[in-house]
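Below is one structure, written out as structure tokens; the observations come after it.
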Amino acid sequence: MSAEVADREALSCSRPCTPPQASWFEFLLDPSLLEQHLQGPHPDPSPVQLIVQFLEQASKPSVNEQNQVQPPADNRRNRTLKLMALKAAAHLTWDLKELEKGLTIPVLNMLLNELLCVSRVPPGVKHVDLDLSTLPPTTAMAVLVYNRWAIRTIVLSSFPEKQTKPGPHQLNMMSLVQQEKELTENILSVLREQATDSITVLEGALNIKKDFYIHTLRTLDLLAADPSTANGETESSTAGLRISADHLHCQVHYDLGGIYFQQGCSDPSVYEKAREHFRMARELLTKLDSSASLCCVDEQRLAGYWSACKTLTGASDPSESQHSPYGQISCFMRNHDYGALIEAFIRDNVTFILPNSFRHSIQLELLHKLQQGDRALEEVCHKLCVCNAVRDALEGGVLSVSFHQLLLKPSKNTISFLLEVCARSMDKEHSSETCKRKMALFIKTVCNRLEDVSLAFMVSSHKLFMELLQDEEKKILMEQMRKSSATVNLSAKPLPSFYDIPASASVNISQLEQQLILSLDPRHIRQILIELQGMAERPFWRVNSKWEVPVDYVNVILAIKDNLTRDLVYILMAKGLHCISIKDFAHARQLFTACLELVTEFSPKLRQVMLNELLLMEVRGHEAGAAEGNMERPPPDLVSRVRGYLEIRIHDLPLRQIVGEECVVFMLNWRENEYLTLQVPQSLVNSNPYIKLGQLIASTCKELPGPKESRRTAKELWEVVVQICSVSSQHKRSSDGRVSLLKQRESSLGILPRSKFMTFMKKLREPLVLTTLISLFVRLHNIVRDDIVNEVTAEHISIWPSSLANLQSVDVEAVVITLKELVNYALSLNPNNQSWLCTQADIYFVSSQYSAAMHYYLQAGTVCSDYFTKPVPPDVYTDQVLKRMIKCCSLLNCHTQVAVLCQFLREVDYMTAFKALQEQNSHDSMDSFYGYIWDVTILEYLTYIHHKRGEGDKRQVAIKAIGQTELNSSNPEEVLQLAAQKRKKKFLQALAKLYF
């Protein structure tokens with residue numbers, strides 16, 4: 001046994017020993033370990049991983065004795081964790097590029113907000129209102145880091161990202177992922193709203209010529225040891241990491257250039273600003289040591305931005321044009337020097353400097369000009385096509401379709417130019433054997449594709465043909481050309497138009513099929529199908545897998561016996577439906593009309609099908625116009641045809657539900673409620689759920705506001721929607737006879753799936769219809785949440801039932817999501833609807849998003865008071881709304897705002913106001929709001945409490961406010977009311993600036 005133990009110990013000693021990964025709590029127990037860990041060669045976990053762990057632990061909610069979830073406690077443990085997260089970021093010298101790579105937006109937002117907090121940035125004051133030149137260096141730098149991150153994040157979020165599909169092991173995390181996605185979107189929304197302020201802050205920083213300082217591990221340690229005594233040292237000009245003005249300006253110019261470049265998509269004039277900032281960044285970058293650890297400007301991306309800005313603004317730089325290939329090409333294009341452009345492309349076939357995608361984009365740009373009528377570019381396009389084909393061949397790529405089309409009937413000059421390009425693209429001294437074989441294969445392909453034997457012999461007599469092809473290859477090609485020359489006159493066929501393809505070649509069918517896919521001309525489609533039917537007998541409606549015809553129609557179309565007619569009907573309908581999906585209604589109408597003429601001759605059933613599809617196209621076309629702002633009523637003929645469809649009674653006619661859905665949406669949007677309620681046949685209501693839903697909505701809207709008896713139709717609509725939002729539980733019986741709940745799934749008893757119901761609602765535009773549906777979901781939301789204190793409000797909510805018989809069957813999450821999506825959609829149509837804004841504010845309030853709730857409460861007041869220049873109607877700012885605004889401000893630690901708002905109530909809430917004013921940790925401007933207080937009792941309390949605390953300056957502000965003559969209690973009531981209204985207006989406008 002002792003020998004075995006010895007062997008085992010020897011074996012274990014011979015294995016490499018991997019040190020265990022450090023855990024976050026080890027650093028919490030001994031904070032001095034952190035710096036030692038970070039100074040290591042490859043710290044594991046890395047600094048960004050530690051930041052995530054520290055902040056995750058610091059932001060965990062706590063649970064009190066009543067088992068209620070509480071916000072994270074502000075205790076020593078959490079403060080230490082946040083400080084260590086800042087120290088890890090300080091170790092990375094606050095390199096935003098590195099932090100953005102490793103941290104999500106919510107985590108980085110939390111980190112930088114902590115930086116603002118420890119750097120003594122005044123809370124409650126907008127950064128744009130701060131004078132950076134008067135702030136301590138570390139404070140000013142924290143503001144700049146935050147605002148640089150803000151605009152960089154806006155730019156980065158605009159880049160497309162590939163969505164990762166969750167695997168089976170990830171499905172349980174989808175709700176967490178969704179929560180993080182929503183949080184990210186909320187942060188991005190705030191950053192986008194504040195983008196103008198961030199740009200102003202950064203542009204202001206460019207005027208500051210002195211050096212800046214940012215926190216290091218040492219300064220953060222000083223703050224942790226004793227914030228009161230360390231404050232002077234950390235804010236002095238010598239503390240922290242020095243960042244030169246040039247260095248900071250370089251980074252700021254780069255970031256400002258990025259945001260202006262992104263904004264240039266909607267305002268091209270902004271590209272000039274972007275170019276100027278990138279120019280300054282490049283100039284400063286040449287002065288700086290690019291190897292310095294603080295240099296975090298992406299030089300490669302900067303070069304790309306600079307090149308793009310010069311192209312977009314048309315600016316020329318002769319010195320750069322001589323050195324940069326891109327600059328040369330851009331110069332040739334601007335000056336229309338196409339000869340030099342072609343020479344540059346030929347030279348690039350040897351050097352391979354320009355990317356192939358860039359070369360093809362130049363060719364496409366000139367081809368677009370040619371199609372617009374510039375016929376002088378035809379030869380240039382042919383030559384560029386040849387140059388790019390040779391480059392494709394040398395890279396081993398696939399030759400383009402445009403080159404194959406060029407070889408169908410080339411001129412002698414074209415072949416001569418092609419051979420010249422091939423010869424000049426071969427560097428005989430340095431070309432590899434691989435390169436020579438690729439060129440030989442290309443020449444061989446050209447010989448095989450040329451049907452004009454004289455042109456083929458022209459290629460075969462060229463020196464490249466003799467030098468590069470092997471003897472056996474040359475012998476086979478020459479034999480093929482001799483055979484072709486004997487029959488060339490028999491197989492030749494004239495080419496009367498662009499679309500005609502030479503006959504008797506195996507490639508002809510594929511060329512015709514390609515034209516069949518591309519064409520939108522019904523006559524041309526028919527002509528191609530006739531030619532294809534003569535070459536091969538097979539179903540050509542299968543040529544393109546993306547041609548899709550609704551399953552309701554497939555059997556009727558495929559039952560057509562004549563192959564040509566069947567293919568033509570199928571293809572015309574598929575192309576027409578595709579055109580509708582991309583809103584190309586002109587081509588859709590042309591294709592459907594041709595199909596209607598065709599089927600009218602032999603099938604009444606298909607004729608009605610095409611009439612229905614034409615109606616759907618007209619309805620969608622009119623609704624698309626209305627969505628873009630054209631609110632003209634539809635022509636009577638279209639309304640009559642929609643009614644005709646809703647009254648259709650043809651037996652055994654295939655009907656698509658989407659046609660009925662669009663017709664119902666059309667009638668609801670144009671307030672045809674009377675017709676939907678009374679004249680739609682019951683058989684159609686029973687067969688199409690959209691028509692039934694439309695009839696119930698129309699009936700409910702028609703009777704609003706109505707007597708209590710009218711709630712019968714509202715109850716029917718309620719029951720239908722509740723069924724849609726219900727889930728069914730699947731049970732499983734175990735071997736011992738017990739029944740357990742296996743899983744829940746969407747109920748199959750609803751007339752529509754939830755997703756289709758949501759899609760239907762998002763097609764509606766009529767305000768009364770949307771208000772009705774919002775009120776329904778608000779009532780349902782309040783019932784399933786069962787929280788009487790935190791109920792959402794809406795118009796007409798009283799018409800719906802106040803209870804549910806089977807509450808457990810309703811999917812609470814589905815109701816909440818549907819309500820949020822519906823209100824967001826309604827506000828996208830009309831962002832000034834006061835009722836919807838109040839509902840949106842309530843939704844944010846009950847979900848504890850208090851800043852967003854304040855935004856919408858204030859917006860609701862804004863739209864009905866002309867930006868608070870008139871009093872807000874009391875039915876908008878009810879006591880309930882005001883109390884919710886007070887609670888929002890309280891939970892946001894804006895306690896002075898709470899005290900001011902307490903005056904707005906019908907009976908001033910002195911208890912809440914006094915309690916708020918006792919709070920010393922207030923995140924608003926405190927005494928700057930005292931001028932908005934008109935209640936003398938509150939002002940007297942303020943004077944007393946500041947005197948008690950020894951706050952002389954603030955006490956003087958309160959005394960000044962109370963001493964204004966218009967607040968004298970001896971004044972007439974009208975004067976006092978006028979003073980109150982004036983202060984209300986100014987206070988609400990000040991709040992709007994803060995929360996908008």
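Bear in mind the structure is a predicted one, so any value in this text is a computation, not a measurement.
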Show your working on side chain to side chain contact (heavy atoms under 4.5 Å, CB included) between Y995 and C894 and close with a plain yes or no. CA-CA 12 Å; Y995 289 100; C894 298; 3.9 Å; yes
Indicate whether any N or O donor in one side chain lies under 3.5 Å from an N or O acceptor in the other, for Y941 and Q918. yes
Between D95 and T93, is there a side-chain donor-acceptor contact under 3.5 Å, judged purely by atom types and distance? no
Is the H946 ring parallel, tilted or perpendicular to the Y930 ring (thresholds 30°, 60°)?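 The arrangement is tilted - the two ring planes meet at 30° to 60°.
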Counting distance only, does the side-chain N/O of [X] pair as donor-acceptor with the main-chain N or O of [Y] below 3.5 Å?
{"X": "H249", "Y": "A205", "result": "yes"}
{"X": "Y877", "Y": "Y857", "result": "yes"}
{"X": "S119", "Y": "L116", "result": "no"}
{"X": "R120", "Y": "V118", "result": "yes"}
{"X": "T862", "Y": "L858", "result": "yes"}
{"X": "W94", "Y": "H215", "result": "yes"}
{"X": "S890", "Y": "I886", "result": "no"}
{"X": "Q903", "Y": "V900", "result": "yes"}
{"X": "E919", "Y": "H895", "result": "no"}
{"X": "Q989", "Y": "Y867", "result": "yes"}

Among R282, H277, R279, exactly one meets side-chain hydrogen bond (donor to acceptor under 3.5 Å, both in side chains) together with H253. Which residue is that?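 With H253 as partner, R282, H277, R279 yield a single side-chain hydrogen bond (donor to acceptor under 3.5 Å, both in side chains), made by H277.
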Any [X] side-chain heavy atom under 4.5 Å of [Y] side chain:
{"X": "F278", "Y": "Y254", "result": "yes"}
{"X": "Q194", "Y": "K126", "result": "no"}
{"X": "F987", "Y": "L901", "result": "yes"}
{"X": "I105", "Y": "L156", "result": "no"}
{"X": "V121", "Y": "H127", "result": "yes"}
{"X": "Q920", "Y": "E951", "result": "yes"}
{"X": "T184", "Y": "T104", "result": "no"}
{"X": "I154", "Y": "Q262", "result": "yes"}

Got a second to check how far [X]'s [atom1] is from [Y]'s [atom2], nearest 0.5 Å?
{"X": "D909", "Y": "L882", "atom1": "CG", "atom2": "CG", "value": "11.0 Å"}
{"X": "R152", "Y": "K97", "atom1": "CZ", "atom2": "NZ", "value": "8.5 Å"}
{"X": "M885", "Y": "Q897", "atom1": "CE", "atom2": "CD", "value": "9.5 Å"}
{"X": "L83", "Y": "L217", "atom1": "CG", "atom2": "CG", "value": "9.0 Å"}
{"X": "N186", "Y": "Q849", "atom1": "CG", "atom2": "CD", "value": "5.0 Å"}
{"X": "S848", "Y": "L891", "atom1": "OG", "atom2": "CG", "value": "8.0 Å"}

Might you point out which heavy atoms bring [X] and [Y] nearest each other, and give the distance in Å?
{"X": "A961", "Y": "L939", "result": "CB-CD2, 3.9 Å"}
{"X": "L86", "Y": "L111", "result": "CD2-O, 3.7 Å"}
{"X": "A274", "Y": "C309", "result": "CB-SG, 4.0 Å"}
{"X": "A245", "Y": "D211", "result": "N-OD1, 3.2 Å"}
{"X": "F845", "Y": "R884", "result": "CE1-O, 3.6 Å"}
{"X": "S133", "Y": "I208", "result": "N-CD1, 3.9 Å"}

Check whether the ring centres of Y271 and F261 lie less than 6.0 Å apart, and answer yes or no. yes
Could you tell me whether W934 and F904 have their ring centroids closer than 6.0 angstrom? yes
[atom1] ([X]) with more than 12 external heavy atoms under 6.0 Å:
{"X": "K273", "atom1": "NZ", "answer": "no"}
{"X": "K210", "atom1": "NZ", "answer": "yes"}
{"X": "D131", "atom1": "CG", "answer": "yes"}

Could you walk me through whether W149 and N109 pass side chain to side chain contact (heavy atoms under 4.5 Å, CB included), step by step? CA-CA 9 Å; W149 168 75; N109 180 59; 3.6 Å; yes
Member of I945, D935, I959, I962 meeting the side chain to side chain contact (heavy atoms under 4.5 Å, CB included) criterion with E940: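 By the side chain to side chain contact (heavy atoms under 4.5 Å, CB included) criterion, E940 pairs with just one of I945, D935, I959, I962: I962.
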Evaluate the criterion side chain to side chain contact (heavy atoms under 4.5 Å, CB included) for residue pair L112 and L108; output intermediate values, then yes/no. CA-CA 6 Å; L112 294 181; L108 195 42; 4.3 Å; yes
Decide yes or no on side chain to side chain contact (heavy atoms under 4.5 Å, CB included) for L256 and M280, but give the supporting numbers first. CA-CA 11 Å; L256 285 171; M280 292 298 298; over 6 Å; no
